[in-house]
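All values below were derived from every heavy atom in this structure, side-chain atoms included, with hydrogens, water molecules and symmetry-related copies excluded.
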Amino acid sequence: VRLGIGKSMAYAYTDPEASEELSVARAAALTTPAAPAMAEYFASRAGGVFVALPGATGDCPMVLTADVVREHGEAVAVALETLTGKAIAPAARTKARKEIDEAICALAALRGHFGEGDQ
């Protein structure tokens with residue numbers, strides 16, 4: 001419904017044998033804060049990572065900064081622990097990635113406090 005197309009066209013987009021392709025405009029129409037898969041995909045293709053900015057927490061900048069420092073410390077500690085082994089186990093890699101993502105989100109929350117543009 002959101003794309004303004006019928007079911008057969010929607011199914012054609014998911015068929016690797018079909019020549020139909022989803023336009024960027026339609027991919028954008030499917031992207032929401034609850035469904036960021038396309039943003040994550042495009043960020044990955046561009047060599048980056050998509051991290052949604054969290055909603056306003058109402059916390060003061062000092063509390064947000066304390067969260068950033070704490071999360072950063074935890075991420076660095078887990079990364080260093082993971083790297084001390086000869087081979088990185090998949091579970092350790094997942095844990096390190098999770099901690100790094102949490103640190104990025106904490107920093108994004110602090111950034112959100114400062115809003116957009118020059119005001």
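Residues Met9 and Leu3 share a hydrophobic cluster, clusters being chains of Ile/Leu/Val/Met/Phe/Trp/Tyr side chains in contact below 4.5 Å. The hydrophobic clustering, which links ILVMFWY residues whose side-chain heavy atoms are closer than 4.5 Å, places Leu110 and Val63 apart.
Note: Leu107 CG to Asp67 CG = 11.0 Å, rounded to the nearest 0.5 Å. Note that the CG atom of Leu22 and the CE atom of Met38 stand 6.0 Å from one another [nearest 0.5 Å].
For Ile88 against Ala92, the heavy-atom pair with the smallest separation is CG2-CB, 4.4 Å. For Thr82 against Arg93, the heavy-atom pair with the smallest separation is CG2-N, 4.5 Å. Taking every heavy atom of both residues into account, Ala34 and Pro36 meet most closely at C-CD, 3.6 Å. The nearest pair of heavy atoms linking Ala75 to Ala103 is CB-CB, 4.0 Å.
Between Val51 and Asp101, every side-chain heavy-atom pair lies at or beyond the 4.5 Å cut-off. Residues Val69 and His72 are not in side-chain contact: their nearest non-hydrogen atoms beyond the backbone lie 4.5 Å or more apart.
With a 6.0 Å radius and a threshold of 12 heavy atoms from other residues, nucleotides or ligands, Phe50 has its CZ atom above the threshold.
Glu102 pairs in a side-chain contact (heavy atoms from CB on, under 4.5 Å) with only one of the listed residues (Arg70, Arg97, Glu71), which is Glu71.
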Apply side-chain contact (heavy atoms from CB on, under 4.5 Å) to the pair Arg26 and Ile5, showing each step before the final yes or no.
CA-CA 10 Å; Arg26 286 188 168 144; Ile5 59 174; 3.4 Å; yes
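A distance-only check finds no donor-acceptor pair linking the side chain of Ser44 to the backbone of Glu40 [under 3.5 Å].
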